Amino acid sequence: MSKGLEIRLASRPQGLPTMDNFDFAEVEAPQPGEGQLLVRNLVMSVDPYMRGRMNEGKSYVPPFEVGKALEGGAVGEVVSSNAEGYEPGDLVLHMLGWRDYAVVPAKHATKVDATIAPPNAYLYVLGMPGMTAYAGLVEVAEQKEGDVVFVSGAAGAVGSLAGQIAKLRGAKKVIGSAGSPEKVKYLVDEVGFDAAFDYHDGPVRKQLAEAAPEGIDVYFDNVGGEHLEAAIFAFNDFGRAAECGMISQYNNETPQPGPRNMMMIVQKRLKLRGFIVGDHAHLKDQFFSEVGGWLAEGKISYRETVVEGLRNAPDAFLGLMRGDNTGKMLVKIA
């Protein structure tokens with residue numbers, strides 16, 4: 001059998017991860033058992049939540065194990081199958097990325113149709129980022145027609161889709177924050193946000209107030225920290241926040257103080273709800289129908305940042321932590 005590369009967690013990061021936290025190993029391609037598939041990975045995703053899995057401790061998903069291969073979303077080609085309904089050549093979505101070859105239980109694999117959308121799309125618009133944006137708006141924030149919506153980290157995979165989905169669902173105005181003038185231009189000119197600002201240009205509270213003088217009704221939070229505090233100030237009464245992530249705090253070595261205006265949550269009768277996309281699996285068919293339809297009609301724009309080669313996956317992940325990506329950060333393996 002062929003040999004393949006797998007990327008392992010060498011040590012747990014202290015603060016921002018470095019290349020020293022990753023290890024590379026050449027291993028024999030594994031053999032699938034009963035009910036399993038041998039998959040040669042073609043493309044994989046790197047995502048902000050992976051930073052949390054590098055830490056030790058209890059969370060909503062088990063931490064990565066030191067000395068073992070990392071995990072994450074990937075699309076690959078079935079090489080051999082010991083499971084009914086799967087044949088060599090089938091393309092499948094699964095969660096054993098960070099390696100050339102993976103043995104995947106068939107019950108944890110999902111066939112993807114490359115005639116409907118390219119494989120990369122199943123890690124982005126039609127994958128976890130798309131489902132996260134959709135569930136956060138539809139069910140968590142209860143976004144409705146006429147809402148003013150603010151999205152932080154808006155040029156990333158989830159944020160850029162959240163803004164577009166909000167517009168397609170009748171938002172009156174969608175505002176985004178991003179980390180560079182180029183990303184701000186991308187949001188307004190290419191993605192269709194009504195307004196956007198670079199959070200480096202001044203206090204987020206001031207820039208958000210200028211972009212939304214009428215206040216906001218929905219906040220899709222990918223950043224936390226100063227952005228969350230600004231959103232609380234900007235909220236109209238009975239505003240709703242979908243707390244998706246807080247990337248501004250992922251690499252903190254010590255806890256940082258929270259927003260200083262928490263009493264406004266009471267005064268404005270706000271609803272701030274954290275969520276994990278896996279808790280909203282019941283929306284899967286609705287998501288594919290609605291978002292898949294918009295994609296087929298050309299109503300959704302998306303951009304990918306693609307890094308070539310599995311060996312460069314750690315660089316892609318570190319770039320994601322720095323905000324180097326516009327849209328979805330992917331690694332092309334084969």
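In this text the structure is predicted, and so the values were computed from the model without any measurement.
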Quick one: does [X]'s side chain have a donor or acceptor within less than 3.5 Å of a partner on [Y]'s backbone?
{"X": "K173", "Y": "K167", "value": "no"}
{"X": "T132", "Y": "M128", "value": "yes"}
{"X": "N82", "Y": "P32", "value": "yes"}
{"X": "K183", "Y": "N325", "value": "yes"}
{"X": "Q207", "Y": "G202", "value": "yes"}

Who clusters with V188? Use side-chain heavy atoms, under 4.5 angstrom, across I, L, V, M, F, W and Y, and order the result by chain and number.
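Result for V188 is none, singleton.
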Linking Ile, Leu, Val, Met, Phe, Trp and Tyr through side-chain heavy atoms less than 4.5 Å apart, which residues share a cluster with Y86?
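Result for Y86 is L37, V39, V78, V92, L96, V104.
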[atom1]/[X] to [atom2]/[Y] distance, rounded to the nearest 0.5 angstrom?
{"X": "E6", "Y": "D23", "atom1": "CD", "atom2": "CG", "value": "9.5 Å"}
{"X": "R273", "Y": "F275", "atom1": "CZ", "atom2": "CZ", "value": "9.0 Å"}
{"X": "L318", "Y": "D324", "atom1": "CG", "atom2": "CG", "value": "9.5 Å"}
{"X": "L295", "Y": "S301", "atom1": "CG", "atom2": "OG", "value": "10.5 Å"}
{"X": "D315", "Y": "L320", "atom1": "CG", "atom2": "CG", "value": "12.5 Å"}
{"X": "F287", "Y": "L126", "atom1": "CZ", "atom2": "CG", "value": "5.5 Å"}

Are V75 and N41 close enough, and set up right, to give a side-chain contact (heavy atoms from CB on, under 4.5 Å), and what steps lead you there?
CA-CA 6 Å; V75 173; N41 285 330; over 6 Å; no
Quick one, [X] and [Y] - any side-chain contact, counting heavy atoms below 4.5 Å?
{"X": "E77", "Y": "P88", "value": "no"}
{"X": "F220", "Y": "V174", "value": "no"}
{"X": "I175", "Y": "F197", "value": "yes"}
{"X": "M329", "Y": "S45", "value": "no"}
{"X": "L5", "Y": "R311", "value": "yes"}
{"X": "E190", "Y": "L187", "value": "no"}
{"X": "L123", "Y": "V43", "value": "yes"}
{"X": "D221", "Y": "V151", "value": "no"}

Ring pair (Phe, Tyr, Trp, His ring centres under 6.0 Å) partners for Y124, two or more places apart:
Y302
Ring pair (Phe, Tyr, Trp, His ring centres under 6.0 Å) partners of F317, counting only residues at least two apart
none
Is the count of non-hydrogen atoms from other residues, nucleotides or ligands lying under 6.0 Å from [X] atom [atom1] greater than 12?
{"X": "Q249", "atom1": "CD", "value": "yes"}
{"X": "R303", "atom1": "CZ", "value": "yes"}
{"X": "E26", "atom1": "CD", "value": "yes"}
{"X": "K268", "atom1": "NZ", "value": "yes"}
{"X": "M95", "atom1": "CE", "value": "yes"}

F22 six-ring centre to R8 NZ/CZ under 6.0 Å and within 45° of normal:
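No, cation not above the ring by the 6.0 Å, 45° rule.
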Name of the residue among K332, E304, K328 meeting side-chain hydrogen bond (donor to acceptor under 3.5 Å, both in side chains) with N120
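It is E304; the other options fail the test.
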Does the side chain of [X] come under 3.5 Å of the side chain of [Y] through a donor N or O and an acceptor N or O?
{"X": "S152", "Y": "N222", "answer": "no"}
{"X": "Y134", "Y": "E290", "answer": "yes"}
{"X": "D47", "Y": "Y49", "answer": "no"}

Closest heavy-atom pair and its distance - [X], [Y]:
{"X": "F24", "Y": "P314", "value": "CZ-CG, 4.0 Å"}
{"X": "A135", "Y": "H280", "value": "CB-CB, 3.8 Å"}
{"X": "P119", "Y": "A114", "value": "CD-CB, 4.4 Å"}
{"X": "G159", "Y": "F193", "value": "O-CZ, 3.8 Å"}
{"X": "K284", "Y": "M131", "value": "N-CE, 3.7 Å"}
{"X": "N312", "Y": "E308", "value": "ND2-O, 2.8 Å"}

Who pairs with [X] by salt bridge (Lys or Arg N to Asp or Glu O under 4.0 Å), at least two apart in sequence or on another chain?
{"X": "E145", "value": "none"}
{"X": "K111", "value": "D90"}
{"X": "D100", "value": "none"}
{"X": "E139", "value": "none"}

Ignoring hydrogens and angles, write down the donor-acceptor pairs under 3.5 Å from the side chains of residues 61-71, residues two or more places apart or on other chains.
unit_1, atom_1, unit_2, atom_2, d
E65, OE1, K68, NZ, 3.4
E71, OE1, R53, NH2, 3.4

In a table with atom names and distances, give each donor-acceptor pair under 3.5 Å that connects a side chain of residues 226-244 to protein atoms at least two apart or in another chain.
unit_1, atom_1, unit_2, atom_2, d
E226, OE2, V204, N, 3.0
H227, NE2, S177, OG, 3.0
E229, OE1, R260, N, 2.8
E229, OE1, R260, NE, 3.0
E229, OE2, R260, NE, 3.3
E229, OE2, R260, NH2, 2.6
N236, ND2, E214, O, 3.4
N236, ND2, I216, O, 3.4
N236, ND2, D217, OD1, 3.1
R240, NE, A141, O, 3.0
R240, NH2, E142, O, 3.0
R240, NH2, D147, OD2, 2.8

Could you walk me through whether M54 and N21 pass the side-chain contact (heavy atoms from CB on, under 4.5 Å) test, one step at a time?
CA-CA 9 Å; M54 291 180 167; N21 300 124; 5.6 Å; no
Please, which pairs that meet salt bridge (charged side-chain N to carboxylate O under 4.0 Å, His left out) have at least one residue in residues 112-125, sequence neighbours excluded?
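Residue pairs passing salt bridge (charged side-chain N to carboxylate O under 4.0 Å, His left out), neighbours aside: none found.
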Listed partners of H200 passing side-chain hydrogen bond (donor to acceptor under 3.5 Å, both in side chains), at least two apart:
D198
Just do the side-chain contact (heavy atoms from CB on, under 4.5 Å) check on V191 and Y186 with the steps written out, would you?
CA-CA 6 Å; V191 179; Y186 163 69; 3.3 Å; yes
Start with the C-alpha gap between R169 and Q143, add the side-chain angles, then the distance that decides, and say whether side-chain contact (heavy atoms from CB on, under 4.5 Å) holds.
CA-CA 8 Å; R169 299 188 72 249; Q143 184 235 330; 3.1 Å; yes
